[in-house]
Number of protein chains: 2
Amino acid sequence: MSDPQGQPGTPRPQIPEATVGRLPLYHRALISMHQGGNDTVSSEQLAEMAGVNAAKVRKDLSYFGTYGTRGVGYDVEALLGEIRSDLGLTSEWKCVLVGVGNLGTALISFAGFRERGFHVAAAVDVDPDKVGTRIGELVVAPQSSLETMVRDEGIAIGIISTIPAAAQEVADELGRCGVRSILNFAPTVIEAPEGVLIRNVDLASELEILAFHDQRRSSARDRRPAV
Amino acid sequence: MSDPQGQPGTPRPQIPEATVGRLPLYHRALISMHQGGNDTVSSEQLAEMAGVNAAKVRKDLSYFGTYGTRGVGYDVEALLGEIRSDLGLTSEWKCVLVGVGNLGTALISFAGFRERGFHVAAAVDVDPDKVGTRIGELVVAPQSSLETMVRDEGIAIGIISTIPAAAQEVADELGRCGVRSILNFAPTVIEAPEGVLIRNVDLASELEILAFHDQRRSSARDRRPAV
DNA sequence: CTCCGCTAGTGCATTCATTCACAAAGCCGG
DNA sequence: CCGGCTTTGTGAATGAATGCACTAGCGGAG
Ligand SMILES: NC(=O)c1ccc[n+]([C@@H]2O[C@H](COP(=O)([O-])OP(=O)(O)OC[C@H]3O[C@@H](n4cnc5c(N)ncnc54)[C@H](O)[C@@H]3O)[C@@H](O)[C@H]2O)c1
Ligand SMILES: NC(=O)c1ccc[n+]([C@@H]2O[C@H](COP(=O)([O-])OP(=O)(O)OC[C@H]3O[C@@H](n4cnc5c(N)ncnc54)[C@H](O)[C@@H]3O)[C@@H](O)[C@H]2O)c1
């Protein structure tokens, strides 16, 4: 390989978005390999665990440098370290959750985030009845304390689980407070504030996509109309 | 257009996956247009609402036939009907949820699914303490009643919100019972049973992707090392 | 030291998706 | 009835992602 892993700062070889989307899969697979006590892993095995094909694994990993040994495979620990560092998981990311309803409550009490390097450090709601409620270790704060908490705690990620009608406003507010990334669960398109990256998760859409395919499969089966 | 909307059965022009993924966005946008009392909508407006570009909207819609009028736009009601029928939303889809924990509970009580044509008609859990619990109108059933419920109620979609270690087993069981589509929230790769389509939603992955981009943006900013 | 087996890394062809840009086509005002 | 305005539908160009198939290179056996 010609590009050494760049002693000073970061390389910067512009990673394809499709590859970025698969990093978490590799991350998960490597964690489980590591816990299983494996020292090395081949692209074939990683592919199997991540549910993708081996050539893709190799190409994806090659964007980050040369971490494999031909004839052997990848060093699990080294590769895990590299991916963790690319994902910025060397220290914990603090998140603020806005909208402590059904979904918000589940998210706050979800242990899996912490295991993967994320921590819901604050939660706010407009509803005065919710403010002061305790969920695990976290006490729901009033909307007005958002800015202070974001700045004081160094929160970089916002999670929106309010009603859809409030989502845009909340996103704007989060942007003003200095949050740089937002994960939005409200089923509405949000215009991203300047400098803020938004990802949307819409569960109803996922079901619709399943329904679409199911629909097609069954109408394909009934090519001959029933007698 | 050369392909008439095929009087008998369905056309079958193989819709690109990327297009399928956007149908729910259009669906949502059209619902809101319709509720707002609009009769027609241009590709430009739809694009704005769905957060994509206008050419893409037109190309996507063109796979389903000719629903627009040049110089005018699309008839909201007709287009909504078409999309609803493509998504198979002419009747309600029944779902079974497996694993009534934090997340499962939030999903069951979520009204938004019903509005979009989905109904969690059954929920099961292995934990005997959970069985019999009431969530809204639904009573949690024992794992053993899964097959009967799926068959009797005509359930086509399974939702997995168990712990990751149980996900594969649950998926296999759902497959055996005749479920054809699965939405999996457990952060693990599941091998799909024969004839079953699986979609995964991994929230920690979403956060990791945000973290990756944030990481990159800030390391791009610090090109000059601090003094 | 050499040769063999294995697996990473990658160039290339192919497939899939996006976007541009323009002709075809409906509407409306005169 | 005609001509201008608007917006669709789509061919063709471009770009992104995938996957094959080959080469380079390491480790271990003999
Ligand atoms: N519950 C689910 O399983 C589920 C599934 C998919 C999507 N969603 C979406 O997630 C969002 C939340 O769902 P939910 O079921 O938790 O709803 P919910 O009604 O239980 O909770 C919404 C919460 O947001 C708060 N809120 C409203 N406006 C606010 C504002 N401007 N600022 C701060 N807080 C505000 C409300 O006080 C309430 O506590 C909704 O947009 C919903 O469509 C939920
Ligand atoms: N809570 C969240 O916000 C959240 C967020 C992202 C992902 N997830 C994932 O969703 C899943 C559920 O999360 P949770 O927080 O609700 O966990 P939880 O521990 O609260 O709930 C899990 C439930 O699954 C049940 N269960 C376990 N094995 C089962 C089996 N074989 N058959 C049927 N039921 C079984 C348990 O009895 C329990 O009720 C986990 O895989 C988690 O990683 C949860």
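First the proteins, then the strands, lettered A, B, ... as listed; each starts at 1.
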Review point. Rounded to whole angstrom units, what separation is found between the CG atom of Leu46(B) and the C1' atom of dT7(D)?
Key: 13 Å
**Study point:** Nucleotide dA16(D), atom P - distance to CG of Asp60(A) in whole Å
**Key:** 16 Å
Study note, to complete from the structure: Against the side chain of Ser62(B), the closest entry in dG9(D), dC20(D), dA8(C) is dG9(D)
Point to revise | Glu48(B), CD atom: more than 12 neighbouring heavy atoms under 6.0 Å | key: no
Study note, to complete from the structure: Picking from dC20(D), dA25(C), dC20(C), the nucleotide nearest the side-chain atoms of Asn53(A) would be dC20(D)
Point to revise | Closest nucleotide among dT18(C), dG9(C), dA17(D) to the Thr66(A) side chain | key: dG9(C)
Exercise for review: Using a heavy-atom cut-off of under 4.0 Å over every strand shown, decide if Gly68(A) touches base, sugar-phosphate, or nothing.
Suggested key: sugar-phosphate
Point to revise | Donor-acceptor contact present, side-chain Arg180(A) to main-chain Leu197(A), <3.5 Å | key: no
Exercise for review: Could you check which of dC27(C), dT10(C), dA21(C) has an atom nearest any side-chain atom of Thr69(B)?
Suggested key: dC27(C)
Point to revise | Separation of atom NZ in Lys56(B) from atom P in dT7(D), rounded to whole Å | key: 21 Å
Exercise for review: Could you tell me whether the side chain of Phe113(B) reaches within less than 4.5 Å of the side chain of Leu107(B), counting heavy atoms only?
Suggested key: yes
Revision key, fill the gap. Picking from dT7(D), dA17(D), dC20(D), the nucleotide nearest the side-chain atoms of Arg70(B) would be dT7(D)
Check your understanding: Taking for each residue the nucleotide of DNA chain D with the nearest heavy atom, is it Val72(A) or Gly73(B) whose nucleotide lies nearer the 5' end?
Key -> Gly73(B)
Practice item. Would you tell me if any nitrogen or oxygen in the side chain of Ser42(A) comes within less than 4.0 Å of OP1 or OP2 on dT7(C)? Key: no
Check your understanding: Does some side-chain heavy atom of Leu146(B) sit less than 4.5 Å from a side-chain heavy atom of Leu174(B)?
Key -> yes
Check your understanding: At under 4.0 Å, does any side-chain N or O of Arg22(A) touch on OP1 or OP2 of dT18(D)?
Key -> yes
Check your understanding: Does the side chain of Tyr74(A) get closer than 4.0 angstrom to OP1 or OP2 of dG9(C) through an N or O atom?
Key -> yes
Review point. Rounded to whole angstrom units, what separation is found between the CD atom of Glu44(B) and the C1' atom of dT19(C)?
Key: 13 Å
Review point. For Glu17(A) and dA17(D), what is the distance between atoms CD and P respectively, to the nearest whole Å?
Key: 8 Å
Check your understanding: Out of dG19(D), dC20(C), dA17(D), which has the shortest distance to the side chain of Ala55(B)?
Key -> dC20(C)
Revision key, fill the gap. Rounded to whole Å, CG of Leu61(A) lies from P of dA8(C) at a distance of 9 Å
Practice item. Compare the minimum distances between each of dA24(D), dT10(C), dA17(D) and the side chain of Arg58(A), then state the nucleotide with the smallest one. Key: dT10(C)
Check your understanding: Of the nucleotides dG25(D), dA17(C), dT19(C), which has the atom closest to the Ala18(B) side chain?
Key -> dA17(C)
At a cut-off of 3.5 Å, list every protein nitrogen or oxygen paired with a nitrogen or oxygen from nucleotides 12-15 of chain D, distance to 0.1 Å.
unit_1  : atom_1 : unit_2   : atom_2 : d
dA12(D) : N6     : Lys59(B) : NZ     : 3.1

Check your understanding: Do side-chain atoms of Gln215(A) reach the backbone of Ser85(B) as a donor and acceptor pair under 3.5 angstrom?
Key -> yes
Check your understanding: With a cut-off of 6.0 Å (strictly less than), are more than 12 heavy atoms of other residues, nucleotides or ligands near CD of Glu153(A)?
Key -> yes
Check your understanding: Can you tell me if Glu191(B) uses its side chain to pair, donor with acceptor, with the backbone of Gln168(B) under 3.5 Å?
Key -> no
**Study point:** Separation of atom CD in Gln14(B) from atom C1' in dT15(C), rounded to whole Å
**Key:** 13 Å
Exercise for review: Nearest whole angstrom, please: distance from the P of dG9(D) to the CD of Glu82(B).
Suggested key: 12 Å
Practice item. Examine distances only and state if a side-chain atom of Arg217(A) and a backbone atom of Gly195(B) form a donor-acceptor pair shorter than 3.5 Å. Key: yes
